[in-house]
Structures are given as structure tokens and as C-alpha cells.
Amino acid sequence: MPPTRVIIDTDPGIDDTLALILAFASPELKVEAITTVAGNVPVAQAARNVCLLLELVDPHPRPPVAIGAAHPLTRPLRTAEGYHGEDGLGELSRFRTEAGVLRYPEPQQRLASQSAPALIAEIIGGAPGEIVVICIGPLTNLAMAIQAAPTQMAKVKEIVIMGGAIHVPGNVTPGAEFNLYTDPDAARLVFTSGLPITLVPLDVTERVMLTVELIDAVVRHIGNRMTRFVRDTTERLFGVEHGRMGRTATPLHDPLAVGVVIDPSLVTRRPFHVEMETGDGPAQGMTIADRRQIREEWKRPPNLQVCTEVDAGRFIALFLERICRLPV
Ligand code: BDR
Ligand code: CA
């Protein structure tokens with residue numbers, strides 16, 4: 001089987017970088033481009049973080065990196081440095097080599113000349129039915145691409161979105177998940193586009209947990225550049241998680257969205273009609289799925305395939321095996 005061709009739209013973000021590492025370590029995928037969006041951090045910082053990661057992984061060929069939307073479609077940006085650290089990657093400038101130089105130097109990679117929405121539409125339009133877009137940040141770039149180039153975007157194979165909370169509470173407000181809460185107008189536009197969408201919500205991503213014990217064991221077993229990076233970038237986050245939730249573990253939200261494309265059998269999907277709440281009240285950014293136990297013909301037709309179950313043990317094993325594969 002040839003690898004699945006993917007575009008990853010991202011706002012790194014610690015778990016975003018773990019998702020990128022998983023993608024590059026997986027022969028089932030070919031990363032055609034990485035596009036960045038404002039979310040966890042401002043978009044310029046997101047692009048810088050992607051470049052840092054690319055210089056660390058050094059994939060061949062190296063995909064283009066395009067910068068995208070600097071803010072949500074109609075609202076001000078609310079970032080998440082409290083969770084991800086000032087740089088979005090767990091404050092990596094703390095780490096020095098024995099010689100005292102930065103362990104993670106400033107990246108030099110140049111950005112693509114096109115905007116993220118233009119690059120997404122161009123790649124999809126040039127490869128009808130072949131491209132999967134994996135969205136692991138707010139949906140602003142995707143919505144802009146659909147608005148500007150609907151004919152090209154109609155040629156997408158699948159859109160896999162990390163976002164939403166269907167049967168479980170939110171993580172940024174009591175009801176809403178961060179990515180969709182950040183730009184609910186974009187999410188509504190995407191959900192009503194008629195394009196084939198798989199949603200990877202908190203229902204499944206909160207079940208795939210990276211623990212501090214697991215990552216320490218991996219570094220002891222294979223102490224290479226990549227496993228050390230994973231430990232360094234998550235170190236501060238485990239402290240944040242402990243303060244907030246009393247746990248020394250963090251959900252692998254974004255890596256699971258990549259995992260679903262690597263191996264679709266990791267999850268169970270169910271069709272739902274899902275609407276976005278875009279009002280300014282306490283339900284802002286919530287995903288309202290029609291979960292009523294009534295005959296299907298009395299409901300509006302499903303617009304999303306929603307992941308409702310995950311084989312968490314198998315996914316964690318896959319994630320750990322893959323991060324150990326990358327070069328020392
Ligand atoms: C999502 O929010 C972000 O902070 C993470 O990177 C992930 O994409 C989880 O709600
Ligand atoms: Ca993200």
C-alpha cells in the first residue's frame with residue numbers, strides 16, 4: 001500500500017509536536033505540507049515551532065511550512081501559554097548542552113511563500129481523492145480554504161479533526177474543547193461544508209495518556225535525541241497537569257488524530273449530526289451532537305463520523321514504538 005498523503009494543520013503546542021513526530025516516524029504516512037494556525041500560541045510562534053521540530057527530525061524530503069491565520073475568523077485570539085509554556089513547547093530555552101549552548105537552537109528553515117489556506121487548496125486540487133488533512137489546531141485555515149476554493153477543497157479524501165467533546169465535559173470551559181472553542185465560526189463553516197469529516201474528540205483523546213513514568217522508562221531504554229526532546233518538552237507540562245488535575249500524565253490529543261490515519265482500526269466511529277454553538281454565552285464553542293434515542297429518519301442526516309471508542313493500550317504502544325524509531 002502506498003503511504004497516505006497528508007497535510008497537517010497545526011498550532012504547536014506540545015502535543016502538536018508529538019503528533020508531528022509520530023507522523024514523521026510512520027511509514028504509513030507521507031507529509032506533503034505543514035500549515036500553521038493561531039491557537040495555543042500566535043501563528044508566527046507556531047511556525048517557528050514547526051521549523052524547530054523539522055530541524056530536529058530532519059525528514060527527507062522536508063515538507064513546506066506555510067503560515068496561516070493570525071486570529072480566528074471573527075473573534076480575538078485567546079492563546080494557551082499557561083498550559084504549553086511561553087514558547088508553546090514547554091520553555092525549551094531552559095535546556096543547555098554541557099558546553100552551555102542552547103540544546104534547541106533557533107531554527108533557520110524558511111517558510112513557503114503561499115498562505116496556509118492557499119497551499120492546502122492547491123495540494124488537494126492537484127491530487128483529487130488522495131489527500132487527508134489532519135487538523136490539530138483551530139479550524140480557521142481550513143474554513144478560509146473552503147470559502148476561497150470550494151471546488152479544489154471538494155477533492156479532499158478526508159478531513160480528520162482533533163476537537164470537540166460529545167459525551168464528556170470540555171477542557172477549556174465546562175462544555176467546550178480548546179480547538180473548536182477558539183474559532184467556533186470556522187468550525188461551523190467546516191461542519192456544514194458537506195466534506196467527509198472524522199472528528200477525534202476529547203471522548204477518545206482523554207483516554208490516551210502519556211505518563212511521566214512511561215516517558216522516563218523510554219528515555220532510560222533508548223536515550224536518543226528524539227526521546228530526550230519528548231521528555232524535555234513535556235517536563236513542565238507534567239507539573240501543570242499535576243497542579244490542575246492531580247495527575248502526572250497528559251493526554252495525547254493531537255497524536256491520536258494522526259494515529260487514526262495511520263491505523264483506522266484503533267478507533268470506533270459513529271455517524272452523528274453535530275452542530276457548533278457560536279453564541280457568546282456559557283455554551284460557546286460546544287459541539288451539540290444529536291444523541292437522541294429516536295429513529296434516524298427523524299433526525300437531520302449525519303455530517304460527521306465521530307470517534308467514540310479507542311484501543312488506548314494499542315495506541316500508546318504504537319506511539320512509544322514510533323518515537324524510539326527516529327534517528328539519534
Ligand atoms: C487541543 O487543544 C490544544 O491545546 C492541544 O494542542 C489540542 O490540539 C486539545 O483540546
Ligand atoms: Ca493543537
Side-chain angles (χ1 to χ4, degrees), residues 1-35 37 39 63 120 124 129-139 141-142 156-168 171 177-180 187 190-191 193 195-210 250-272 274 287 289 302-323 325:
M1 275 261 284
T4 303
R5 300 173 62 185
V6 301
I7 299 172
I8 303 181
D9 189 60
T10 178
D11 62 336
I14 294 168
D15 60 325
D16 298 77
T17 56
L18 303 183
L20 293 173
I21 292 172
L22 176 60
F24 285 118
S26 296
E28 297 87 348
L29 305 185
K30 177 163 186 284
V31 182
E32 297 285 340
I34 303 176
T35 54
V37 65
I120 292 170
I124 292 171
E130 284 192 32
I131 305 292
V132 175
V133 186
I134 306 175
C135 297
I136 53 178
L139 297 179
N141 286 340
L142 198 67
V156 73
K157 181 177 184 190
E158 188 186 7
I159 297 167
V160 176
I161 296 169
M162 190 281 127
I166 303 299
H167 302 86
V168 299
N171 62 354
E177 179 281 330
F178 178 82
N179 288 341
L180 304 191
V190 172
F191 286 5
S193 66
L195 297 175
I197 298 173
T198 292
L199 193 72
V200 186
L202 295 180
D203 306 55
V204 281
T205 66
E206 292 272 10
R207 287 198 240 150
V208 289
M209 302 297 289
L210 181 66
T250 188
L252 293 173
H253 299 291
D254 294 344
L256 184 60
V258 171
V260 165
V261 185
I262 295 172
D263 181 355
S265 76
L266 286 167
V267 289
T268 306
R269 293 169 220 226
R270 281 185 54 200
F272 277 106
V274 182
T287 37
N303 55 343
L304 307 182
Q305 294 289 326
V306 176
C307 299
T308 53
E309 302 291 335
V310 59
D311 187 338
R314 203 151 63 80
F315 173 70
I316 294 288
L318 174 84
F319 176 78
L320 295 175
E321 182 257 320
R322 295 291 163 97
I323 62 170
R325 267 192 195 196

Asker: What distance do Ile161 atom CD1 and Cys307 atom SG have between them, rounded to the nearest 0.5 Å?
Answerer: 11.0 Å
Asker: Below 4.0 angstrom, N of the basic side chain to O of the carboxylate: do Glu309 and Arg270 qualify?
Answerer: no
Asker: Once you round to the nearest 0.5 Å, how far does CG of Leu199 lie from CD1 of Ile159?
Answerer: 11.5 Å
Asker: For the residue pair Leu180 and Leu139, establish whether any side-chain heavy-atom pair is separated by less than 4.5 Å.
Answerer: yes
Asker: Do the side chains of Val310 and Val260 get nearer than 4.5 Å, heavy atoms only?
Answerer: no
Asker: Check for a donor-acceptor pair, side chain of Asn179 on one end and backbone N or O of Met162 on the other, with a separation under 3.5 Å.
Answerer: yes
Asker: Any side-chain heavy atom of Val200 within less than 4.5 Å of one from Thr205?
Answerer: yes
Asker: Are side-chain heavy atoms of Leu266 and Arg314 found at a separation under 4.5 Å?
Answerer: yes
Asker: Between Glu158 and Arg269 (salt bridge meaning N to carboxylate O under 4.0 Å), is one present in this structure?
Answerer: yes
Asker: How many angstroms lie between atom CZ of Phe178 and atom CG of Asp11, to the nearest 0.5 angstrom?
Answerer: 6.0 Å
Asker: Side chain of Thr287, backbone of Ala165: donor and acceptor closer than 3.5 Å?
Answerer: yes
Asker: Name all residues meeting the side-chain contact (heavy atoms from CB on, under 4.5 Å) criterion together with Pro3; count only those two or more places apart in sequence or in a different chain, and write none if there are none.
Answerer: Lys30
Asker: To the closest 0.5 Å, what do you measure between CD1 (Ile323) and CG (Leu318)?
Answerer: 10.5 Å
Asker: Would the distance check show the side chain of Arg207 and the main-chain N or O of Asp203 forming a donor-acceptor pair, the cut-off being under 3.5 Å?
Answerer: yes
Asker: Distance check, rounded to the nearest 0.5 Å: Ile34 atom CD1 versus Leu20 atom CG?
Answerer: 5.0 Å
Asker: Run the numbers on Ile262 and Phe319 for side chain to side chain contact (heavy atoms under 4.5 Å, CB included), then give the verdict.
Answerer: CA-CA 11 Å; Ile262 295 172; Phe319 176 78; over 6 Å; no
Asker: Just jot down the side-chain hydrogen bond (donor to acceptor under 3.5 Å, both in side chains) partners of Asn141, sequence neighbours excluded, or say none.
Answerer: Asp9
Asker: Kindly compute the distance separating CD1 (Ile136) from CG (Leu256), expressed to the nearest 0.5 Å.
Answerer: 11.5 Å
Asker: Could you tell me if His253 and Asp15 have a donor-acceptor pair between their side chains, going purely by distance under 3.5 Å?
Answerer: no
